[in-house]
Amino acid sequence: MLVVMDAHATAGQIEQVCRAIAELGYTPHAMPGPTRTAIGITGNRGPIVDADRIGRLPGVRELIRVTAPYKLVSREFHEADTVVHVGDAEIGGAAVPVIAGPCTVESREQLLAVARAVRQAGAVALRGGAYKPRTSPYAFQGLGLEGLRLLAEARDLTGLPVVTEIMDAETLPAALECADMLQVGARNMQNYPLLKAVGRSGRPVLLKRGFAATVKDLLLAAEYILSEGNPNVVLCERGIRTFDDSARFTLDLGAVPIVKQLSHLPVIVDPSHASGRAARVVPLARAAIAAGADGLIVEVHHAPELAACDGEQALTPPTFRMLMGQVERIAAAIDRSLAVATGSALS
Ligand code: PEP
Ligand code: MN
């Protein structure tokens, strides 16, 4: 349910409505807009029986039933596009940002080489996993705390904000010391305690679509984060499992305009995990921008043949630079632009 207030409703009237909602056992979310304030109502006690009581309060213009199961993430609740700030970078505006870096933090030398290369090519944020959700327990699991420390060093050297994956709530305090954006990976998209924990943290979250998740599942997972008071969520399409096994996953680009229609949250695309092969990453990345994605997250490695994880899908720095030029031209063709890093540090 959404309570739309009169354009001239006073702060006291808005507060009175919020109080009445809370008294009924629901949570009010006041959302000031350019012309009027709307107050979203969420809760898990079923439909409000006594909605009329709210509708009669002074300053209330109308009550709108929100039919979607997700509320705070829906366009019905919040019409304007949300822009998420990650360090100096913006995701969800007209300019298209590219996040890039290695799959995994392997060593100081590797991370700094890749970080410098992607910074020089125009990436606005650095990705890199310190904790890796590997399908096999015998695959490299990441450097853990040492990886987080190296990411912080790379940020200091390049000025790029850091995006890194978190797999459990226990690691959150350490990750918060280094991460400008917390990634919740495909395998954890429905790890509800983790979603609540990153929601409470308030830190921007990159929420990747689970590979057996519908768009509705993805939006409901995001709802967990927003319902904890954290509106800074960026969704990521990264490929789903289908009957076709010719690529690592099937990139569902059709989901991009669907998510944009249903939700105000930014949606970016990960062409690396979707395709699994470097040669296929570039065409998928181009198509993602053309389809209206609000950005890309791409794996880059200075020596892919030596990578500890996902080397087959890593772009080399020269290929990544070429891709950035193409993204810039495709963005311009659809009246967008390529976001540029504004931080000055680069060594
Ligand atoms: C990753 O980005 O490193 C990753 C593991 O991706 P996903 O969760 O999409 O598989
Ligand atoms: Mn990877």
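Order of appearance sets the numbers: ligands from 1, and atoms from 1 within every ligand.
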Pick out the protein N or O atoms lying less than 3.5 Å from any N or O of ligand 1, and list each pair with its distance.
unit_1   : atom_1 : unit_2 : atom_2 : d
ligand 1 : 2 (O)  : Arg127 : NH1    : 2.8
ligand 1 : 2 (O)  : Gln183 : NE2    : 2.9
ligand 1 : 2 (O)  : Lys208 : NZ     : 2.9
ligand 1 : 3 (O)  : Arg127 : NH2    : 2.8
ligand 1 : 3 (O)  : Lys132 : NZ     : 2.8
ligand 1 : 6 (O)  : Lys208 : NZ     : 2.9
ligand 1 : 8 (O)  : Ala186 : N      : 2.7
ligand 1 : 9 (O)  : Lys208 : NZ     : 2.9
ligand 1 : 9 (O)  : Arg238 : NE     : 2.6
ligand 1 : 9 (O)  : Arg238 : NH2    : 3.4
ligand 1 : 10 (O) : Arg187 : NH1    : 2.9
ligand 1 : 10 (O) : Arg238 : NH2    : 2.8

- Query: Strictly by modelled atom types, are Asp244 and Thr242 linked by a side-chain donor-acceptor pair under 3.5 Å?
  - Reply: no
- Message: To the closest 0.5 Å, what do you measure between OG1 (Thr82) and CG (Leu226)?
- Response: 7.5 Å
- Message: What I want to find out is whether Asp81 reaches Arg75 closely enough, with some N-O distance under 4.0 Å, to be called a salt bridge.
- Response: yes
- Any salt bridge between Arg336 and Asp294, counting N to O under 4.0 Å? yes
- Between OG on residue Ser227 and CG on residue Leu72, distance to nearest 0.5 Å: 6.5 Å
- Lys/Arg N to Asp/Glu carboxylate O, Glu299 vs Arg127, below 4.0 Å: yes
- Query: According to a 4.5 Å side-chain heavy-atom criterion applied to Ile, Leu, Val, Met, Phe, Trp and Tyr, with indirect links allowed, do Val340 and Val163 form part of one hydrophobic cluster?
  - Reply: no
- Message: Taking Asp310 first and then Arg248, would you say they form a salt bridge - that is, a charged N and a carboxylate O separated by under 4.0 Å?
- Response: yes
- Query: Got more than 12 heavy atoms from elsewhere within 6.0 Å of CD, Glu79?
  - Reply: no
- Message: Keeping to distances under 2.8 Å, can you name the protein N/O/S atoms close to the Mn ion (ligand 2)?
- Response: Cys103 SG, His273 NE2, Glu299 OE2, Asp310 OD2
